[in-house]
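Structure first, commentary second.
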Amino acid sequence: MASVFTYDPNPPRVSSPWIQADDADSSSPGPGAAVTQTGLLSEYGVTRLEAEPQTGPIEYKLHLLLRSRRSYVYMSTVRQKRDRLHAQPGDVAALYSASPTPSSSSSQPRQERLQRLTTQLLWRLQQSSPYHASSSREVRIPKLSDGKGAGEPLDSCGTQMPGLEESRGALYEIGVADDGTLVGLSRDELDESVATLKNMAASLGCGVTVLRMVVVGDCEWVEIAEPLDGNAARKPAQVTKQDKLWVAEALITPNTEVQRSSKSLQDVQSHGRSRGTAPLQSSTSTTAPPGHAKSTTPQLRVTLTGPIASGKSSLLGTLSTGTLDNGRGKSRLSLLKHRHEMASGMTSSIAQEIIGYKERLIFNFSHRNIESWLDIHDYANNGRLVFMSDSGGHPRYRHTVFRGLMNWAPHWMVLCIAADDAEVTHDMASMLMDSADTDLVKAHLDLSLKLDVPLAIVITKLDLASKASLQKTMTKILAAIRDAKRIPKLLQPDQQPQDQLAEIPQADWNKVQNLVGNIAEQGGPLKHVPIVFTSVLKGVGVGLVHALLASLPLPGTPTTTPQTGSTEMEAQPEQPGDLFYIDDTFSLPRTFDDSPSHADGVIVSGHVRFGSFSVGQTIVVGPFSTGHGRVSASEDQSSPDERGSPMLNAVAAEHASSARVYDTPPDIAADEWPRGRIVSIRNLRLPVGTLEAGQVGSIGVVFEQIQSELTPLRSEAPQIRRGMVMATPPVDASGSEVALQAARGFTAEFEEDAAQFPPSGTTVNVLFGCVRGAARIVDVSTRRRGTAAASDVDEEAKSAGQVPGDRVTQVSVELIHSRKWAELGTSVIIMGNGSQDGSGLQGFVGKVTDVVS
């Protein structure tokens, strides 16, 4: 439960039992359309198939008829194996026992059989999917006609079940017994079985392709023919009919991406192609738009921050699971990823959870029908989803703080502060940091107030604080809020314990609604700071936090127009229409697209800055340095501080001294922005076809193979790293693509005085977007708002009687390791040479106003 998504990189492979192992390994099928292969059993060199596997994506079926099967008097394939379902020669009574058409009274058994068959197909499809999850969504089966009405159309496409978008499909061997005996069906019964399979697949949002039809024997049966002259006195005549026995193999695949199944089709067809059998017309069912096209449920991103022992993880655990704490970290156990976190009690990694709301209803893991994030999506549909990120509080793990505040671009920050902070801060700092002067509460509070993100404060551990300690802590908090020219809004709990909340208490809901109304009328979210008092040990104030998360105002849809404060800036000429910030990467073996023309894939997680991304869309990823993602040791993405060594250590100084000066823009490598294609998308683990602006998710991408005169054909995926972006190349007025320009440096504006910044030539750490790396300060200047930078602006300001608030500081920096994508108007943090208070959180917060390519 502590990750953006779950993934199994090695699902069972879809491999036809008709293909011998050596044939499958030696075959190298090329691209081509799916066709049906026909032939005789003698052409395949087999007499029976291996027994049906109990697990995996292969299913054997004698037939898929929704009626009683006719009685045969002779079947060449079952001479040694007769049962009571097949009539013996001369058994006249059996000839009349099976009606070729169902009666009206059998409509209910037909419906139940269709339900069971469809559920079985769903299970087989999930066997070849790398993603497994339960869901409360039921499979919708078309209602069959009862003989009195038309019923529902059987070929209508239903909604895809979660996870099927990434399934490699399932193989159905029709006319085959479970032990692999090739029994066969007459052609009319085979066609009827295939039609039933298409109906089953359509209800799951899938299509069917018949890959091969093989003649395995002969059959004979007797039908009753009515007199041609209509004379009822004459007895019905017995007509003997003969036909071939057929076995069919069908591949069922999701309808999300046609090209994705091409390799699976080629694998199971390769044996038939090698024998030169004549292709027939493809019997692929008509495709339809997949279910889960996109999630329309509003999403609120919230990052929990705060000092060590402030109760962030315990609060998130209580909110997401409904479990109250026992004083020893019980509520946060589901969030921890590492053993050392359990042993030390300190969170060192980022954990994420989602909580669903629909009016006052709460949907978390305390709900009896919720087992995964997918269930929360279902219940909170058209309500609200809150995506919450936890982070570490110890200065040693401060990179997780910045990652949560910058990489995930939260809509709101929730700062957790222990109510008894005034009593334990000195002892905690002395024990963990060898510095009793470190005030982590003030450091986190100052950083949170500097960022251009709405802030809410949760006072935790209310049960442990004395009145004097709580008063001292609140005095510090309120003073900092007022100094930042914001308005604190206190929300007092009713002191009633709240455990296993299914809905938000009405009193808490009313308090928060009044607060939200005041925020909307008086200055907006940035102007106000809600403060909630809680205790996850007793359950006090938990309902207020739920009410706050369910009601906090959402920001508007992001646009491509950059802003600095309240001023709009002109967009970059090469600004892409769709932009996705990459926060983390995961390997994606050749599961979704095994075409030889594509390299291994990769899964990237992050958020959509603006625009949208859809399955099948062509994108570019970068910027890479040289060699198509081959990064040298000096181009390591992590900064010195993130690797665990002190900031600006000897390694960083060596990089700074060896960094080149860009007098002219460097040539852009041809593979700086490699192209790829999106093969899967998940919106907070929910499989979707499109990821919209402002949504968080993971995207599976496969890349085209790169080959040049100097390098051979490579099948490995580019080494995507945190801090890169995914985009669609913009086009100019003529319709031609405009190359994206990575930044080798940028200029940012800050409110702080220029004298506080390190001098030119100093190496600093910069954080913007999802980038965290080393840079060198090139220039520091001061200017008046709305004017160009000038060295004598201070004298002009003094003579004009202007206050310091009318001036801004411009800082130009040069990236040391590699070029990055920098967007105008994005927030940036510059961290200087160490931290005076020992927290590692001191820095200058500004906005990017110019980019140097």
Asn683 CG to Ile699 CD1 distance, which is reported to the nearest 0.5 Å: 10.0 Å
Side-chain (Ser372) to main-chain (Leu374) donor-acceptor, under 3.5 angstrom: yes
Ser605 versus Ser698, side-chain donor and acceptor atoms under 3.5 Å: no
Pairwise side-chain contact, Tyr172 with Val208, heavy-atom cut-off 4.5 Å (strictly under): no
Separation between CG of Asn199 and OG1 of Thr118, rounded to the nearest 0.5 Å: 8.5 Å
Val701 side chain near Arg677 side chain, heavy-atom distance below 4.5 Å: no
Chi angles and distances behind the side-chain contact (heavy atoms from CB on, under 4.5 Å) call for Phe703, Val602: CA-CA 9 Å; Phe703 292 91; Val602 66; 3.6 Å; yes
Over all atoms of both residues, closest heavy-atom pair of Ser193 and Ile174: CB-CG2, 4.0 Å
Can you give me every donor-acceptor pair (side chain of residues 55-64, partner residue at least two apart or in another chain, under 3.5 Å) with its distance?
from	atom 1	to	atom 2	distance (Å)
Glu59	OE1	Arg124	NE	2.7
Glu59	OE1	Arg124	NH2	2.9
Glu59	OE2	Gln120	NE2	3.2
Tyr60	OH	Glu50	O	2.8
Lys61	NZ	Gln120	OE1	2.8
His63	ND1	Leu65	N	3.1

Expected output: side-chain His377 to main-chain Leu684 donor-acceptor under 3.5 Å: yes
Derivation of the side-chain contact (heavy atoms from CB on, under 4.5 Å) call for Arg67 and Glu189: CA-CA 10 Å; Arg67 58 172 175 82; Glu189 289 189 337; 3.6 Å; yes
Glu249 and Val214, any side-chain heavy atoms less than 4.5 Å apart: no
Distance in Å, Leu66 CG paired with Glu192 CD, rounded so as to fall on 0.5 Å steps: 7.5 Å
Under 3.5 Å: donor-acceptor pair, side chain of Asp243, backbone of Arg187: yes
Nearest-0.5 Å distance that lies between atom OG1 in Thr196 and atom CG in Leu114: 7.5 Å
Thr209/Thr253 under side-chain contact (heavy atoms from CB on, under 4.5 Å): CA gap, chis, key distance, verdict: CA-CA 8 Å; Thr209 300; Thr253 54; 5.5 Å; no
Side-chain touch Glu692/Gln299, heavy atoms, less than 4.5 angstrom: no
For Thr240 against Val222, the heavy-atom pair lying closest together: OG1-CG2, 4.0 Å
Pairwise distance CD(Gln115) to CE(Met200) - rounded to 0.5 angstrom: 11.0 Å
Exercise: identify the closest heavy-atom pair between Thr296 and Asn382: OG1-OD1, 3.7 Å
Parallel, tilted or perpendicular: rings of Phe580 and Phe613 (30°, 60°): perpendicular
Min side-chain heavy-atom separation Leu185-Arg69 under 4.5 Å: yes
Point-to-point distance, once rounded to the nearest 0.5 Å, from CD of Glu220 to OG of Ser76: 11.0 Å
Residues that Ser186 engages under side chain to side chain donor-acceptor pair (under 3.5 Å), provided they are two or more places apart: Arg70, Tyr72, Asp188
Closest approach of Leu385 to Gly356 (non-hydrogen atoms, all atoms of both residues): CD2-CA, 4.1 Å
Main-chain N/O of Asn381 paired to Lys358 side chain as donor or acceptor, under 3.5 Å: yes
Residue pair Met75 / Leu245, side-chain heavy-atom distance below 4.5 Å: yes
Donor-acceptor under 3.5 Å (Gln617 side chain, Thr728 main chain): no
Residue pair Leu125 / Leu121, side-chain heavy-atom distance below 4.5 Å: yes
Flag, side chain of Ser612 to backbone of Leu691, donor-acceptor distance under 3.5 Å: no
Trp246 vs Val215, side-chain contact (heavy atoms from CB on, under 4.5 Å): CA-CA, chis, key distance, verdict: CA-CA 5 Å; Trp246 295 79; Val215 176; 3.6 Å; yes
Closest heavy-atom pair and its distance - Ser295, Val688: N-CG1, 4.1 Å
Nearest heavy atoms of Phe365 and Trp373, plus distance in Å: CZ-CD1, 3.8 Å
Minimum side-chain heavy-atom gap Val14-Leu171 below 4.5 Å: yes
